[in-house]
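Data first, discussion second: the structure below is written as structure tokens.
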Amino acid sequence: MRMILVGPPGAGKGTQAARLVDRYKIPHISTGDMLRAAVKEGTALGREAEGYMSQGALVPDSVVIGMAIERISQPDAVEGFMLDGFPRTRPQAEALDEAMTAAGLSLDSVALIEVDDSLIVDRITGRRSDPETGVIYHLVFNPPPPDVVDRLVHRSDDTEEACRARLVKYHNDTAPIIPYYEEHGILCRVDGVGSPNEVTERLVTALGHE
Ligand code: ADP
Ligand code: ADP
């Protein structure tokens, strides 16, 4: 299965991707995670991306497209992949299509996780992640167990200010990929409000079993 998870920041893409890749046995490819790793390692790509990320801006297409296409060409993604956070602009979606067509492949589904803007700031500012296991928690909605609390990370772009900038970017730059995939007949919309289990069940129903 070759699929994409789309949705505003905080929609639950990372949370749901972790569950779905277990079920579908495909790699979870998050461009946000890849970029954060590059920033941490201090690579040239990371140094270029850092300023955009901290302000809640998008990293330029010229940087992200090559990184994502290279990643889906790796051996572990031959049988399928779950892209999370890519594509995020119309040119990224077109570049992905071109690369897949050139490889004789096509996308199976694009799942849009819908969450109203009014719920997003609370989700983002309360997000914490465990650097050892990668598990995503929320201080209120998915509280971490006491033994991991001290090591949890609060992303520097998970402030209210950067979150609002990311929401504007989402509506201006990312939302246009929704009609693009709708025209291709592969978009499914899933309500992202409810417990994470409920959202997973909706996604599995929408995507079909394999
Ligand atoms: P995204 O990858 O789309 O930015 P995350 O999966 O990181 O979103 O989730 C953002 C925050 O919202 C996290 O703190 C997560 O624990 C919490 N969260 C995820 N799914 C739900 C849900 N269904 N209801 C409430 N909070 C959720
Ligand atoms: P969220 O979980 O809030 O949706 P991500 O972890 O996916 O955020 O991305 C964090 C940041 O990394 C984004 O705000 C943006 O600066 C950068 N980024 C990630 N993916 C892309 C992409 N496909 N295009 C441009 N910038 C990206």
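Counting starts at 1 for both ligands and their atoms, following the listed order.
Within the 3.5 Å criterion, the main-chain N or O of Val140 finds a donor-acceptor partner in the side chain of His138.
In this model, a donor atom of one side chain and an acceptor atom of the other lie less than 3.5 Å apart for Ser118 and Asp116.
Of all atoms in ligand 2, numbered sequentially from 1 with element shown, those under 4.0 Å from a heavy atom of Arg36 are 6 (O), 10 (C). The Leu58 neighbourhood of ligand 2 comprises atoms 25 (C), 26 (N), with distances under 4.0 Å to a heavy atom of that residue. Taking a cut-off of under 4.0 Å to the non-hydrogen atoms of Leu35, the atoms of ligand 2 that pass are 12 (O), 17 (C), 18 (N), 19 (C), 27 (C). For ligand 2 and Ala57, the ligand atoms under 4.0 Å from any heavy atom of the residue are 15 (C), 16 (O).
An N or O contact shorter than 3.5 Å is missing between Pro87 and ligand 2 by distance. Checked against a 3.5 angstrom limit, the closest N/O atoms of Thr31 and ligand 2 fall inside it.
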Table please: side-chain donor-acceptor pairs of residues 45-59 below 3.5 Å, with sequence neighbours left out.
{"residue": "Arg47", "atom": "NH1", "partner": "Gly42", "partner atom": "O", "Å": "2.6"}
{"residue": "Ser54", "atom": "OG", "partner": "Glu50", "partner atom": "O", "Å": "3.4"}
{"residue": "Ser54", "atom": "OG", "partner": "Gly51", "partner atom": "O", "Å": "3.1"}

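Distance check, rounded to the nearest 0.5 Å: CZ of Phe141 to CZ of Arg123 gives 7.0 Å.
Cluster annotation: Met3 is connected to Val199 through the hydrophobic network of ILVMFWY side chains, with a link wherever side-chain heavy atoms come within less than 4.5 Å.
Asp76 and Arg71 are joined by a salt bridge, as a carboxylate oxygen and a charged side-chain nitrogen come within less than 4.0 angstrom of each other.
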Practice item. Take Glu201 and Arg23 through the salt bridge (charged side-chain N to carboxylate O under 4.0 Å, His left out) test and state the conclusion after the steps. Key: CA-CA 12 Å; Glu201 286 315 310; Arg23 189 182 282 251; 3.7 Å; yes
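Under 4.0 Å from ligand 2, the heavy atoms of Gln92 that appear belong solely to its side chain. When non-hydrogen atoms are compared, ligand 2 lies under 4.0 Å from the side chain of Val64 (C-beta onward) but not from its backbone.
Here the closest non-hydrogen pair linking Gly85 and Thr31 is O-OG1, 3.0 Å. Closest of all the heavy-atom pairs between Leu167 and Pro8 is CD2-CB, 4.1 Å. Closest non-hydrogen pair, Pro131 versus Arg151, comes out as CD-O, 3.1 Å.
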Ligand-protein N/O pairs under 3.5 Å (ligand 1):
{"residue": "ligand 1", "atom": "2 (O)", "partner": "Gly14", "partner atom": "N", "Å": "2.9"}
{"residue": "ligand 1", "atom": "3 (O)", "partner": "Ala11", "partner atom": "N", "Å": "3.2"}
{"residue": "ligand 1", "atom": "3 (O)", "partner": "Gly12", "partner atom": "N", "Å": "3.0"}
{"residue": "ligand 1", "atom": "3 (O)", "partner": "Lys13", "partner atom": "N", "Å": "2.8"}
{"residue": "ligand 1", "atom": "3 (O)", "partner": "Lys13", "partner atom": "NZ", "Å": "2.8"}
{"residue": "ligand 1", "atom": "4 (O)", "partner": "Gly10", "partner atom": "N", "Å": "2.8"}
{"residue": "ligand 1", "atom": "4 (O)", "partner": "Arg127", "partner atom": "NH1", "Å": "2.9"}
{"residue": "ligand 1", "atom": "6 (O)", "partner": "Gly14", "partner atom": "N", "Å": "3.4"}
{"residue": "ligand 1", "atom": "6 (O)", "partner": "Thr15", "partner atom": "N", "Å": "2.8"}
{"residue": "ligand 1", "atom": "6 (O)", "partner": "Thr15", "partner atom": "OG1", "Å": "2.6"}
{"residue": "ligand 1", "atom": "7 (O)", "partner": "Arg127", "partner atom": "NH1", "Å": "2.5"}
{"residue": "ligand 1", "atom": "8 (O)", "partner": "Gly12", "partner atom": "N", "Å": "3.1"}
{"residue": "ligand 1", "atom": "14 (O)", "partner": "Tyr137", "partner atom": "O", "Å": "2.8"}
{"residue": "ligand 1", "atom": "16 (O)", "partner": "Tyr137", "partner atom": "O", "Å": "3.4"}
{"residue": "ligand 1", "atom": "23 (N)", "partner": "Gly194", "partner atom": "O", "Å": "2.8"}
{"residue": "ligand 1", "atom": "24 (N)", "partner": "Arg123", "partner atom": "NH2", "Å": "3.3"}
{"residue": "ligand 1", "atom": "24 (N)", "partner": "Gly194", "partner atom": "O", "Å": "3.4"}

